S.K.: 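Sharing a structure, written as structure tokens. Questions coming.
Not measured: the values here are computed from a predicted model. Every chain is numbered from 1, with letters handed out A, B, ... down the list of sequences. Values below: every heavy atom of this structure, side chains too, minus hydrogens, waters and symmetry copies.
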Amino acid sequence: MRLSDTLTGSVVELPPPSAGEIGMYFCGPTVYARAHIGNARPYLVGSWYARWLRLRGYSVKLVHNITDVDDKIFVAAPGRSGERADRATAWYLDDVGRFGLDEVDEFPRVTAMIEPIKDFIAELLEREFAYAVGGDVYFRVSRSPEYGVLSGQRPEQVEEQEPNPRKEDPRDFALWKASKPEEDRSWDSLWGKGRPGWHIECSAMAEKLLGPAFEIHGGGRDIVFPHHENELAQSRARGHDFARIWMHNGMLRFTGEKMSKSVGNVETIMDVLDEWGREAVLLFFLTAHWRSPIDFSAERMASALARADGLRESFRNPSQPAPEGSWERFKESLDDDFSTPEALALMHEWRDHELLRRALDVFGLASLAEEQEAPAEVEELARRRQEARVARDFVESDRLRAEIEAAGWEVRDEADAYRLVPKA
RNA sequence: GGCGACGUGGCCGAGUGGUUAGGCAGAGGCCUGCAAAGCCUCGUACAGCGGUUCGAAUCCGCUCGUCGCCUCCA
């Protein structure tokens, strides 16, 4: 099992299945609005990979966090940030639930983890990796000689953002933010009323749910710096290792740049699923390697939909044994850095029902392998059409075919029979 | 400016030294009452310029271009 790793910049080997549980932590969204389709990528990559590892005999625990307290939420719903966060959390769970993968073991929320976060901060203060000032607590970057190992950013070239006189060093980042008058949610702490900074939550929640060191930490490429760099610094500041492998997925682009709410080039998961269906959406993501950027467009979605139909079509024709070693090749393509484009290409060559069904199930696409029964009234129309055909009354038979099609079904004539399939 | 990813035929996307990737779209054919599905045939691509080599999409160098990060962001 090999996987590209951001930290080492190379492809690394996973431990063998019996070596214990694989802990996986994938960064989830900040919940303040309906999530867009780009937000779905880490969820899908994490879920698919966990699913594959489980099929390969690994024991896996997959954690996907929800950031439900943050500046964005305060801004989006002044005075009702808790309400908004709860609603947007439900939206998100609903949206990703529609993918039908169900591999995530826990969706921890920051607001339910305040105590472990405070404990974490307290320990960093004790070890002098942090300092409290005016109700804020900051991480002291100068105490981390390795700072920058993950992103390749050199500490001295990290530019100063908004000048903040409370910081000892402009590179320092907030672990705890003192409550502001316009913010309607805060928690008591030894440093005053406030709430956690963005980065500390993941360090604390990962440790709480996966232990101090775990296998794989995932998320979008865009959060390598500063988010993951900071997490790594915080966690290592406590004297133990953190994630061993960092799995960063490529960005989803739309209209030439990264899809993001701040740019405004957004399509929600909900809308895309409504328009194209889950199978097409899953196949769309599968056509690109998880590490590569992927362009969202109607053309590519249409192509993914055609692919879904093509695979479904494979089950309407007789099964033919796949060449010797087919499953082995499929397995190897996924074992080797989880190359879904390669695995998909192999599947397209198969006419072997059992093998195909098994492969589709790896990606949550077993629905493509289901037979559908036509309703009785459509069956009746088809039966009458067949009679007309036998009687060579083609005017009547074509008329009946139009009726069948209007009902959403397609007739395919065979030697002495016919077959009904749902219209694409 | 710094760090990183990448550039393959109309669109996606494998392929890391020499022999067919695959899919989608398109063209022609077989089959069919007509269709659909299926099957067969058809594309000689690898950003550009140098270099190494008997031989490069594949190795080396340079150039150009795209995207991401360096600031909230999956």
S.K.: What's the gap between B:A45 and B:U20 when it is taken at their C1' atoms, as a whole Å value?
M.R.: 14 Å
S.K.: Using atom C1' of each nucleotide, how far apart are B:G23 and B:G9 to the nearest Å?
M.R.: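 Taking atom C1' in both B:G23 and B:G9, they lie 14 Å apart.
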S.K.: Taking everything shown except A:K208 itself, do over 12 heavy atoms lie less than 6.0 Å from its NZ?
M.R.: no
S.K.: Calculate the interatomic distance between A:E403 atom CD and B:A35 atom P; express it in whole Å.
M.R.: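 It is 22 Å, rounded to the nearest whole Å.
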S.K.: Using a 4.5 Å cut-off on heavy atoms from C-beta on, say whether the side chain of A:R392 contacts that of A:F394.
M.R.: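 With C-beta onward as the side chain, the pair touches.
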S.K.: From the list B:C72, B:A14, B:C39, which nucleotide is the closest neighbour of the side chain of A:R351?
M.R.: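 Within the option list, the nearest is B:C39.
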S.K.: So if I take every side-chain heavy atom of A:R291 and compare against B:C6, B:A14, B:A35, which nucleotide ends up nearest?
M.R.: B:C6
S.K.: Would you indicate whether A:E414, at its atom CD, is surrounded by more than 12 heavy atoms from other residues, nucleotides or ligands within a distance under 6.0 Å?
M.R.: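 Atom CD in A:E414 is crowded, with more than 12 foreign heavy atoms closer than 6.0 Å.
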S.K.: Could you check which residues of residues 357-395 of chain A get a heavy atom under 4.0 Å from RNA chain B? Sort them by number, please.
M.R.: A:R385, A:R389, A:R392, A:F394
S.K.: Check this for me: A:E373, atom CD, are more than 12 non-hydrogen atoms of other residues, nucleotides or ligands nearer than 6.0 Å?
M.R.: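 12 or below, so no.
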S.K.: What is the distance from CD of A:E332 to P of B:A21, rounded to the nearest Å?
M.R.: 21 Å
S.K.: How about CD on A:E354, more than 12 heavy atoms from neighbouring residues, nucleotides or ligands closer than 6.0 Å, or not?
M.R.: no
S.K.: For A:E349 and for A:A288, find the nucleotide of RNA chain B with the closest heavy atom, then tell me which residue's nucleotide is more 5'.
M.R.: A:A288
S.K.: Enumerate all atom pairs, one protein N or O and one N or O from nucleotides 67-69 of chain B, separated by less than 3.5 Å.
M.R.:
{"unit_1": "B:C67", "atom_1": "O2'", "unit_2": "A:R253", "atom_2": "NE", "d": "3.4"}
{"unit_1": "B:G68", "atom_1": "OP1", "unit_2": "A:K258", "atom_2": "N", "d": "3.1"}
{"unit_1": "B:C69", "atom_1": "OP1", "unit_2": "A:K258", "atom_2": "NZ", "d": "2.4"}

S.K.: How about A:R412: does its CZ atom have over 12 heavy atoms from other parts shown lying under 6.0 Å from it?
M.R.: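 For A:R412, atom CZ is crowded (more than 12 foreign heavy atoms under 6.0 Å).
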S.K.: What's the OH-C1' distance between A:Y418 and B:A37, to the nearest Å?
M.R.: 17 Å
S.K.: Under the side-chain contact (heavy atoms from CB on, under 4.5 Å) test against A:F107, which residue among A:T89, A:L62, A:L93, A:V63 passes?
M.R.: A:L93
S.K.: Do any side-chain atoms of residues 24-37 of chain A form donor-acceptor pairs under 3.5 angstrom with protein atoms, and if so which ones, sequence neighbours left out?
M.R.:
{"unit_1": "A:Y25", "atom_1": "OH", "unit_2": "A:N65", "atom_2": "OD1", "d": "3.4"}
{"unit_1": "A:R34", "atom_1": "NE", "unit_2": "A:D95", "atom_2": "OD2", "d": "3.4"}
{"unit_1": "A:R34", "atom_1": "NH2", "unit_2": "A:D95", "atom_2": "OD1", "d": "2.9"}
{"unit_1": "A:H36", "atom_1": "ND1", "unit_2": "A:G38", "atom_2": "N", "d": "3.0"}
{"unit_1": "A:H36", "atom_1": "ND1", "unit_2": "A:N39", "atom_2": "N", "d": "3.4"}
{"unit_1": "A:H36", "atom_1": "NE2", "unit_2": "A:N39", "atom_2": "ND2", "d": "3.4"}

S.K.: For A:D274, does the CG atom sit with more than 12 other heavy atoms under 6.0 Å from it, leaving out its own atoms?
M.R.: yes
S.K.: What does A:E313 touch in the nucleic acid at a heavy-atom separation under 4.0 angstrom: a base, only the sugar-phosphate, or nothing?
M.R.: sugar-phosphate
S.K.: Does anything in residues 23-47 of chain A reach RNA chain B, meaning a heavy atom under 4.0 Å, and if so which residues?
M.R.: A:G28, A:P29, A:T30, A:H36, A:G38, A:N39, A:P42
S.K.: C1' atom, B:U66 versus B:C60: distance in rounded Å?
M.R.: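 Here B:U66 and B:C60 have their C1' atoms 23 Å from each other.
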S.K.: Between B:U41 and B:U8, how many Å separate the two C1' atoms, rounded to a whole number?
M.R.: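 Each nucleotide's C1' atom is 24 Å from the other's.
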S.K.: Who passes side-chain contact (heavy atoms from CB on, under 4.5 Å) against A:W350, sequence neighbours left out?
M.R.: A:A322, A:S326, A:W327, A:F330, A:L346, A:M347, A:L355, A:L356, A:A359
S.K.: Kindly state each residue pair satisfying salt bridge (Lys or Arg N to Asp or Glu O under 4.0 Å) with at least one member in residues 38-48 of chain A, sequence neighbours excluded.
M.R.: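 Listed by first then second residue: nothing to list.
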S.K.: Need one value for A:M347: base, sugar-phosphate or nothing, where a base atom within 4.0 Å counts as base even if backbone is also close, heavy atoms only.
M.R.: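 It contacts nothing in the nucleic acid.
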S.K.: What distance, rounded to whole Å, do you find between the two P atoms, one in B:U16 and one in B:U52?
M.R.: 25 Å
S.K.: Taking 4.0 angstrom as the limit, do A:D70 and A:K72 come out as a salt bridge?
M.R.: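 A salt bridge is absent here (no side-chain N lies under 4.0 Å from a carboxylate O).
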S.K.: Looking at A:E229 and A:G148, would you say the former's side chain and the latter's main chain have a donor-acceptor pair under 3.5 Å?
M.R.: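 A pair under 3.5 Å: yes.
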S.K.: Out of B:G13, B:A21, B:C34, which nucleotide sits closest to the side chain of A:A345?
M.R.: B:A21
S.K.: Indicate, with a heavy-atom threshold strictly under 4.0 Å, whether A:D70 touches base, sugar-phosphate, or nothing.
M.R.: nothing
S.K.: Using whole Å, what does the distance between atom P of nucleotide B:A21 and atom CH2 of A:W350 come to?
M.R.: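 It is 20 Å, rounded to the nearest whole Å.
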S.K.: Less than 4.0 angstrom from a charged side-chain N to a carboxylate O is my criterion; do A:R329 and A:E332 meet it?
M.R.: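 Salt bridge between A:R329 and A:E332, a charged N being under 4.0 Å from a carboxylate O: no.
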S.K.: Main chain of A:D337, side chain of A:W290: is a donor-acceptor contact present, judged purely on distance under 3.5 Å?
M.R.: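 Yes, the answer is positive, given that a donor and an acceptor are paired below the 3.5 Å cut-off.
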S.K.: Under the salt bridge (charged side-chain N to carboxylate O under 4.0 Å, His left out) test, which residues partner A:R2, sequence neighbours left out?
M.R.: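 A:R2: salt bridge (charged side-chain N to carboxylate O under 4.0 Å, His left out) contacts with A:D336.
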S.K.: Of A:S151 and A:D336, whose nearest nucleotide on RNA chain B comes first from the 5' end?
M.R.: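 It is A:S151 whose nearest nucleotide is closer to the 5' end.
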S.K.: In whole Å, I'd like the distance from the CG atom of A:L346 to the C1' atom of B:G13.
M.R.: 13 Å
S.K.: Provide, to the nearest angstrom, the distance between the CZ atom belonging to A:R329 and the P atom belonging to B:A21.
M.R.: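 Whole-Å distance recorded here is 14 Å.
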S.K.: Might you list the N or O atoms of the protein lying below 3.5 Å from N or O atoms in nucleotides 7-10 of chain B, with each pair's distance?
M.R.:
none

S.K.: When the C1' atoms of B:A21 and B:C59 are considered, how many whole Å apart are they?
M.R.: 23 Å
S.K.: Output a table of nitrogen or oxygen pairs between the protein and nucleotides 24-30 of chain B separated by less than 3.5 Å.
M.R.:
none

S.K.: Go through it in stages, so that I can follow the logic: the residues are A:T287 and A:R307, the test is side chain to side chain donor-acceptor pair (under 3.5 Å), and I'd like the CA-CA distance, side-chain angles, deciding distance and then a yes or no.
M.R.: CA-CA 10 Å; A:T287 55; A:R307 201 186 272 269; 5.6 Å; no
S.K.: Could you please spell out the steps behind the ring pair (Phe, Tyr, Trp, His ring centres under 6.0 Å) verdict for A:Y131 and A:F139?
M.R.: CA-CA 7 Å; A:Y131 53 96; A:F139 185 84; 9.3 Å; no
S.K.: A:D398 CG to B:U32 C1': how many Å, rounded?
M.R.: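 Taking atom C1' of B:U32 as the reference, CG of A:D398 is at 12 Å.
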S.K.: Determine which bases of RNA chain B form Watson-Crick or G-U wobble pairs with both distances under 3.5 Å, and write the result as a 5' to 3' dot-bracket string with | for other-strand partners.
M.R.: (((((((..(((.....[...))).(((((.......)))))....(((((..]....))))))))))))....
S.K.: What contact category does A:D413 fall into here, base, sugar-phosphate, or nothing, at under 4.0 angstrom with non-hydrogen atoms?
M.R.: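 A:D413: base contact, heavy atoms under 4.0 Å.
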S.K.: Taking atom P in both B:U44 and B:A5, what distance in whole Å separates the two?
M.R.: 35 Å
S.K.: Taking B:G4 as the reference, what is the distance to B:G61 when you measure between their P atoms (whole Å, please)?
M.R.: 14 Å
S.K.: Side chains of residues 246-254 of chain A: which donor-acceptor partners sit under 3.5 Å, not counting sequence neighbours?
M.R.:
{"unit_1": "A:H248", "atom_1": "ND1", "unit_2": "A:T6", "atom_2": "OG1", "d": "2.7"}
{"unit_1": "A:H248", "atom_1": "NE2", "unit_2": "A:H228", "atom_2": "ND1", "d": "2.7"}
{"unit_1": "A:R253", "atom_1": "NH1", "unit_2": "A:D295", "atom_2": "OD1", "d": "3.3"}
{"unit_1": "A:R253", "atom_1": "NH1", "unit_2": "A:D295", "atom_2": "OD2", "d": "3.2"}

S.K.: If the condition is side chain to side chain donor-acceptor pair (under 3.5 Å), which residues does A:D94 pass it with, not counting sequence neighbours?
M.R.: none
S.K.: How would you label the contact of A:R300 with the nucleic acid (heavy atoms, under 4.0 Å): base, sugar-phosphate, or nothing?
M.R.: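 If one applies the 4.0 Å heavy-atom cut-off, A:R300 turns out to touch the sugar-phosphate alone, with no base involved.
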